[in-house]
Amino acid sequence: MEKIQITLDINNKPYDVRVYPNDTLLEVLRDELDLTGSKESCGEGVCGSCTVHMDGKPVRSCLTLALEAVGSKIKTVEGLASGEDLSDLQQSFIDHGAVQCGFCTPGMLMSADALLNVNPRPDEKTIRKALAGNICRCTGYAKIVEAVAHAGNPQDHCPDCKTGSKTVSKTKE
Amino acid sequence: MRLPRFDYLEPANLEETLDLLSTHRDDVKILAGGTDLLVRMKKGLLKPKKLISLKALDELSYIKEENGVIKIGSRTSLSDIIHSNLIQKKAEALFQACEKIGAVTIQHCRGTIGGNILQDNRCHHYNQSEFHRSGRQACHKDGGKICYARDEADRCNSTCQSDGATALMAIGANLTLAQKGGERTVDLDNFYTTDGIMPFAMESHELLKEIAIPIQGAKSAYKRLAYRSAIDYPIVCAGVLLKPSDTDKNKIADARIVVGAMGRAPLFLAKASSSLKGKNLTDKDAFKNAADISMNSAAPFAVHNVGATLEYRCDMVFEMVFQALEQAAIAVKK
Ligand SMILES: Cc1cc2nc3c(=O)[nH]c(=O)nc-3n(C[C@H](O)[C@H](O)[C@H](O)COP(=O)(O)OP(=O)(O)OC[C@H]3O[C@@H](n4cnc5c(N)ncnc54)[C@H](O)[C@@H]3O)c2cc1C
Ligand code: SF4
Ligand code: FES
Ligand code: FES
């Protein structure tokens, strides 16, 4: 089995890399390209800590071969900030205490970012559904849901954070 | 967790894919979304020498209606199915099932309907790490001669936990299987073997090409039970179809009840289904009776191998079937 030369388009930058057919996208990101933001936890599709975007859609990078990612636009958690400037969503996670140990955070951010890109003002039910594939063992989820709702609705007043937003809008059943 | 080694093949079209399948047969596996296959490979449950990726086969990704039949290409993603107006309106059970599969980020964008139907059966004695399995004798499905789930079983009773297959069987779907130089069509009802080691009556050089659903002027519904509402596989599920009579819209002309995650394949329950013929759509007792018959008919097929006690799962067959019938009846009346 030989390595194959490929180019991956990650965070709008081309990366030339040689991979084995059995390398997952997650392994190539972390071990070959030093993009260690995406985390491996379960390695079998359950936890969501490895979530990245492929062509704007959230996917598990631990269950995606690097070879299958050729030709797609990949976005990882490193692609959220511009330089030292965090994205609104990242800042909102900090402001709302949505990060504890932080291991689930990159995956949570990518699932939330995918949601906000198609639905900038999601209600609680929609947020919970979009994040349902991401497991967090620390926060109890409430803070994460609030952080996403805030990032989606920054104009609303929020007593909890500096940037000024509100707590989550309850779903109308 | 590393994947075992394999060669990766990326055919450009269906013809090339069928050529490769006929050349390599048992040495290859098809890679669609990989959300079932790659997990099993990581656990060392199978080690194909080669994977054939369907990545370039956009020709297998479509949803269309033709002559009263809904046709779905096997590589269509679950997310395309969920967002299809046609499926939402005319194949309700399939829509409701796909929506519940795993979680948005696991299956919906990469997972395909073909891979969903053809995902391997599961068993909590078998779907374990290589390390876990190395500590004891191999079971039938792992190449050995015993079964941990049912004493003295001469065959594997692993469970089919496919949400999609259960819903599709309820709405009377059939599959088109292609191989080099030919095609055949098989009803989902007749697609399963009686052994969980290889649950599908399909050859290694065949490819699932299309799923066809007849539109029958009926309404369908799907209910499932899992530990968590996302991520987890169903431990019981039910798909039902209710067809109203042409002469009296309040009467049931025909019904199909299918129970999933209770056996080696989704179970079409003929006795429970026919008990509804001629009954009124508002007849709750008839629904309860059908749910009761379903429970009794499905119970002997199930073994304790997908979490929760067997007794609980059997009891819940009643609930899933009853709820699905109620939901389908409401849809017919609308
Ligand atoms: C955490 C987790 C939770 C899950 N929860 C659920 C759930 O709740 N319900 C459920 O039903 N499933 C569940 N799944 C299983 C799986 O993700 C889905 O069934 C998915 O739809 C499989 O599709 P895929 O394209 O990824 O299949 P793949 O993994 O690519 O393929 C599955 C099998 O089908 C074969 N195959 C695929 N396409 C073809 C074809 N066209 N012709 C011939 N062979 C083919 C492959 O060789 C392989 O053996 C879950 C998986 C994970 C990891
Ligand atoms: S049902 Fe028995 S033979 Fe089949 S996978 Fe489970 S333990 Fe193994
Ligand atoms: S590491 Fe990919 S889902 Fe857990
Ligand atoms: S913050 Fe620790 S797992 Fe989510």
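A note on names: the letters A, B, ... follow the listed sequences, proteins ahead of strands, and every chain is numbered from 1.
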Engaged part of Val52(A) at the chain B interface, taking heavy atoms whose separation is under 4.5 Å: neither

Heavy atoms from other residues, nucleotides or ligands near NZ of Lys100(B) exceed 12 (cutoff 6.0 Å): yes

Option in Met41(B), Glu10(B), Arg2(B) with maximal non-hydrogen atom pairs under 4.5 Å from chain A: Arg2(B)

Interchain contact, Met110(A) with chain B, by part (heavy-atom threshold 4.5 Å): neither

Approximate separation, where rounding is to 0.5 Å, of Thr24(A) OG1 and Leu3(B) CG: 7.0 Å

Proximal component of Arg228(B), with respect to chain A [non-hydrogen, under 4.5 Å]: side chain

Whether over 12 other heavy atoms sit under 6.0 Å from Lys3(A) NZ: yes

Engaged part of Leu37(B) at the chain A interface, taking heavy atoms whose separation is under 4.5 Å: neither

Pairs of heavy atoms under 4.5 Å with chain A: top-ranked of Gly33(B), Ala103(B), Cys109(B): Cys109(B)

Derivation of the side chain to side chain contact (heavy atoms under 4.5 Å, CB included) call for Leu31(B) and Leu65(A): CA-CA 10 Å; Leu31(B) 173 70; Leu65(A) 299 182; 3.6 Å; yes

Residue among Ser229(B), Gly34(B), Pro4(B), Gly111(B) with most heavy-atom pairs under 4.5 Å to chain A: Pro4(B)

Closest approach of Ala132(A) to Ala230(B) (non-hydrogen atoms, all atoms of both residues): CB-CB, 3.4 Å

Over 12 non-hydrogen atoms of neighbours within 6.0 angstrom of NZ in Lys47(B): no

Lys57(A) side chain near Arg110(B) side chain, heavy-atom distance below 4.5 Å: no

Side-chain (Asn22(A)) to main-chain (Phe6(B)) donor-acceptor, under 3.5 angstrom: no

Residue pair Glu68(A) / Ser53(B), side-chain heavy-atom distance below 4.5 Å: yes

Side-chain heavy-atom pair Cys62(A), Met1(B) within 4.5 angstrom cut-off: no

Heavy-atom side-chain proximity of Arg40(B) to Glu44(A) below 4.5 angstrom: no

Interface moiety of Glu27(A) toward chain B, non-hydrogen atoms closer than 4.5 Å: side chain

Closest non-hydrogen atom pair between Thr105(B) and Arg60(A), with its separation: OG1-NH1, 2.9 Å

CD (Glu15(B)) with more than 12 external heavy atoms under 6.0 Å: no

Spatial distance of atom CG (Asp23(A)) from atom CZ (Arg5(B)) [nearest 0.5 Å]: 9.5 Å

Crowding at CD, Gln5(A) (>12 non-hydrogen neighbours, <6.0 Å): yes

Chain B contact via Leu131(A) - side chain, backbone, both or neither, heavy atoms under 4.5 Å: neither

Most contacts with chain B, counted as non-hydrogen pairs under 4.5 angstrom, among Asn134(A), Thr51(A), Thr64(A): Thr64(A)

